[in-house]
Amino acid sequence: MREALAQARLALAAGEVPVGAVVAHGDAIVGRGHNAPVSGHDPTAHAEIRALRAAAQALGNYRLDGCELFVTLEPCAMCSGAMLHARLARVVYGARDAKTGAAGSVLDLFAQPRLNHQTALAGGVLADECGELLTGFFRARRQEARSNAQPLRDDALRTPEDRFASLADYPWAPHYLNDLPALAGLRLHYLDEGPCDAPRTWLCLHGSASWSHAFREMIPVFLQAGDRVVAPDLVGFGRSDKPKREAAHGFEWHRQVLLEFVERLDLADVVLVVQDWGARLGLTLPMEAPERYAGLLAVNATPAGPGEGAARDAPFPDSGHRAAPRAFARMLPDRPDAGGAAVSRQAREFLARHWRGRSLVAEGALDALAGVTIPQATSFVQEQGEAIARRAVGYFRP
């Protein structure tokens with residue numbers, strides 16, 4: 001059964017339902033198989049069938065007299081019929097299958113006295129381990145389905161995926177969360193590249209005229225250094241869901257989403273990379289959990305112009321999707337009592353008096369303030385982000 005479990009893990013790695021099977025003849029394994037109906041476009045490519053085929057070829061006979069089959073999940077009617085037809089001496093399975101099991105759960109083909117061959121049956125061998133593999137697989141599938149489902153709320157839009165298909169310079173796989181309390185059912189998109197246990201994590205927060213695509217020149221440099229890169233799309237931007245009403249957007253709400261996001265991913269040894277509104281929101285995060293943050297890279301923290309046109313427009317098929325950019329244009333806490341003003345003052349005090357991490361500012365040479373300057377660049381220096389990233393990798397070296 002351990003060998004069958006190894007086959008099941010091969011199925012899991014291939015994205016198939018993790019079921020594995022082996023056929024033994026005496027002390028020798030003569031056939032192995034794992035589920036492959038999806039990849040093989042074959043409804044008969046169950047683990048048991050593939051193991052039976054391999055054993056028959058190895059022994060040169062479709063009758064497998066004296067052989068035993070071990071499978072991690074109770075066989076279905078198709079596989080049970082094949083086992084009986086092969087005249088196996090015994091079938092041993094791990095976890096029960098309450099929906100399609102044909103070895104006692106739904107029906108028992110092995111207990112039919114009128115059949116001309118009787119195959120012995122044993123169940124429950126390593127049942128917990130076999131079952132946990134299946135449970136974990138289907139749990140992940142349900143979570144993925146929930147993440148890809150349309151929003152449960154009727155006050156938000158979702159940009160079609162084909163809008164992003166032509167962005168050749170943005171090759172990274174999407175990740176989604178929709179169960180953060182502050183999201184209330186909305187879906188948040190983020191990139192998460194590199195090892196989770198990397199010594200350094202770059203948390204990249206974009207501005208109001210961009211999305212995670214803005215960091216495409218910087219991400220490869222960070223990854224080449226062996227680091228982890230996490231780059232969320234703020235709600236209303238990029239691949240994240242887009243509330244229809246401008247009033248849905250507020251400084252405190254967006255900040256709370258980011259706080260919950262950092263907590264959920266349990267980010268540590270973070271270098272915070274911020275630009276434009278990513279800075280206004282992001283600079284308020286470290287004071288809530290200083291132990292998580294090791295550095296701050298401000299990439300034109302002043303308001304920035306848009307980047308490359310196709311990528312800039314991809315998240316917004318029409319004006320209905322643009323509520324967030326319109327709202328952010330008026331969300332600046334420009335009065336003492338404005339939303340976000342109080343927490344911004346607290347963040348300023350924290351950064352001035354209590355911040356212990358390293359800091360670096362990258363500005364375009366045409367409007368540079370301090371730190372790294374990029375020749376001929378103005379407000380959207382991420383377009384020359386490779387140079388910034390290479391300097392930052394060395395500057396923030398752990």
Side-chain angles (χ1 to χ4, degrees), residues 143-193 203-219 229-251 253-258 260-261 264-265 275-278 281-282 303-331 380 382-383 385:
Q143 291 173 345
E144 181 181 2
R146 285 195 295 269
S147 295
N148 291 330
Q150 292 300 310
L152 299 178
R153 298 163 43 152
D154 61 3
D155 59 348
L157 299 169
R158 179 167 296 172
T159 303
E161 282 297 312
D162 59 13
R163 296 278 300 183
F164 305 98
S166 62
L167 302 179
D169 55 354
Y170 187 79
W172 301 287
H175 296 263
Y176 296 99
L177 283 174
N178 66 352
D179 58 351
L180 299 178
L183 290 175
L186 294 171
R187 190 175 76 169
L188 178 77
H189 167 261
Y190 64 102
L191 302 179
D192 192 348
E193 297 290 324
L203 175 58
C204 303
L205 303 181
H206 65 83
S208 61
S210 59
W211 49 294
S212 55
H213 181 271
F215 299 101
R216 68 194 181 281
E217 300 292 340
M218 305 176 78
I219 292 173
V229 180
V230 175
D233 291 337
L234 299 177
V235 177
F237 298 89
R239 279 182 154 128
S240 291
D241 285 347
K242 298 169 179 65
K244 298 177 184 178
R245 296 182 299 108
E246 294 178 32
H249 297 277
F251 190 108
W253 177 63
H254 278 280
R255 178 175 184 266
Q256 183 61 32
V257 171
L258 289 174
E260 293 177 8
F261 175 77
R264 170 60 63 82
L265 269 61
Q275 180 261 332
D276 182 38
W277 262 100
L281 293 165
E308 189 271 319
R312 176 195 62 208
D313 296 333
F316 308 116
D318 54 48
S319 62
H321 288 71
R322 294 183 180 272
R326 291 194 298 267
F328 271 58
R330 294 191 289 271
M331 213 164 71
F380 210 75
Q382 289 95 319
E383 298 302 323

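Here the structure is a predicted model, which is why all the values come from computation and not from measurement.
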Nearest-0.5 Å distance that lies between atom OH in Tyr190 and atom OG in Ser240: 11.0 Å
For a 4.5 angstrom cut-off between non-hydrogen side-chain atoms, does Leu205 reach Leu281? no
Please answer whether the main-chain N or O of Leu234 pairs with a side-chain N or O of His206 as donor and acceptor at a distance below 3.5 Å. yes
Is the shortest side-chain N to carboxylate O distance from Asp313 to Arg322 below 4.0 Å? yes
Could you please spell out the steps behind the side chain to side chain contact (heavy atoms under 4.5 Å, CB included) verdict for Trp277 and Met331? CA-CA 10 Å; Trp277 262 100; Met331 213 164 71; 3.9 Å; yes
For a 4.5 angstrom cut-off between non-hydrogen side-chain atoms, does Gln256 reach Pro181? no
Gly238 and Thr159: which non-hydrogen atoms are nearest, and at how many Å? O-OG1, 4.2 Å
May I ask you to check whether Asp169 and His213 show a side-chain donor-acceptor distance below 3.5 Å? yes
To check you understand the geometry: which heavy-atom pair defines the closest contact between Pro232 and Cys204, and what is its length? CD-O, 3.3 Å
Backbone N or O of Lys242 within a donor-acceptor pair of the Lys244 side chain at under 3.5 Å? no
Closest heavy-atom contact between Ala173 and Glu193? N-OE2, 3.7 Å
Heavy-atom pair with the smallest gap, counting every atom of Phe316 and His321: CD2-O, 3.3 Å
Near-ring test Tyr170/Trp211, centroid separation under 6.0 angstrom: yes
Could you tell me whether Asp241 and Arg158 have a side-chain N and a carboxylate O separated by less than 4.0 Å? yes
With a 4.5 Å cut-off on side-chain heavy atoms, are Ser210 and Phe237 touching? no
Under the side chain to side chain contact (heavy atoms under 4.5 Å, CB included) rule, what do Leu191 and Val229 come out as? Steps first, then yes or no, please. CA-CA 7 Å; Leu191 302 179; Val229 180; 6.0 Å; no
Between His189 and Ser212, the two heavy atoms sitting closest are CE1-OG, 4.0 Å
Determine whether Asp276 and Phe328 satisfy the following criterion, side chain to side chain contact (heavy atoms under 4.5 Å, CB included), listing intermediate values before the conclusion. CA-CA 11 Å; Asp276 182 38; Phe328 271 58; over 6 Å; no
Smallest separation among heavy atoms of Arg326 and Ser319, with atom names: NH1-O, 2.9 Å
How far does CG of Leu186 sit from CG of Asn178, to the nearest 0.5 angstrom? 9.0 Å
Would you sort out whether Asp179 and Arg264 count as a side chain to side chain contact (heavy atoms under 4.5 Å, CB included), showing the intermediate values? CA-CA 10 Å; Asp179 58 351; Arg264 170 60 63 82; 2.9 Å; yes
So do the side chains of Arg239 and Arg163 get within less than 4.5 Å of each other, counting heavy atoms only? no
Does any part of the side chain of Leu177, heavy atoms only, come nearer than 4.5 Å to the side chain of Leu265, both counted from C-beta? yes
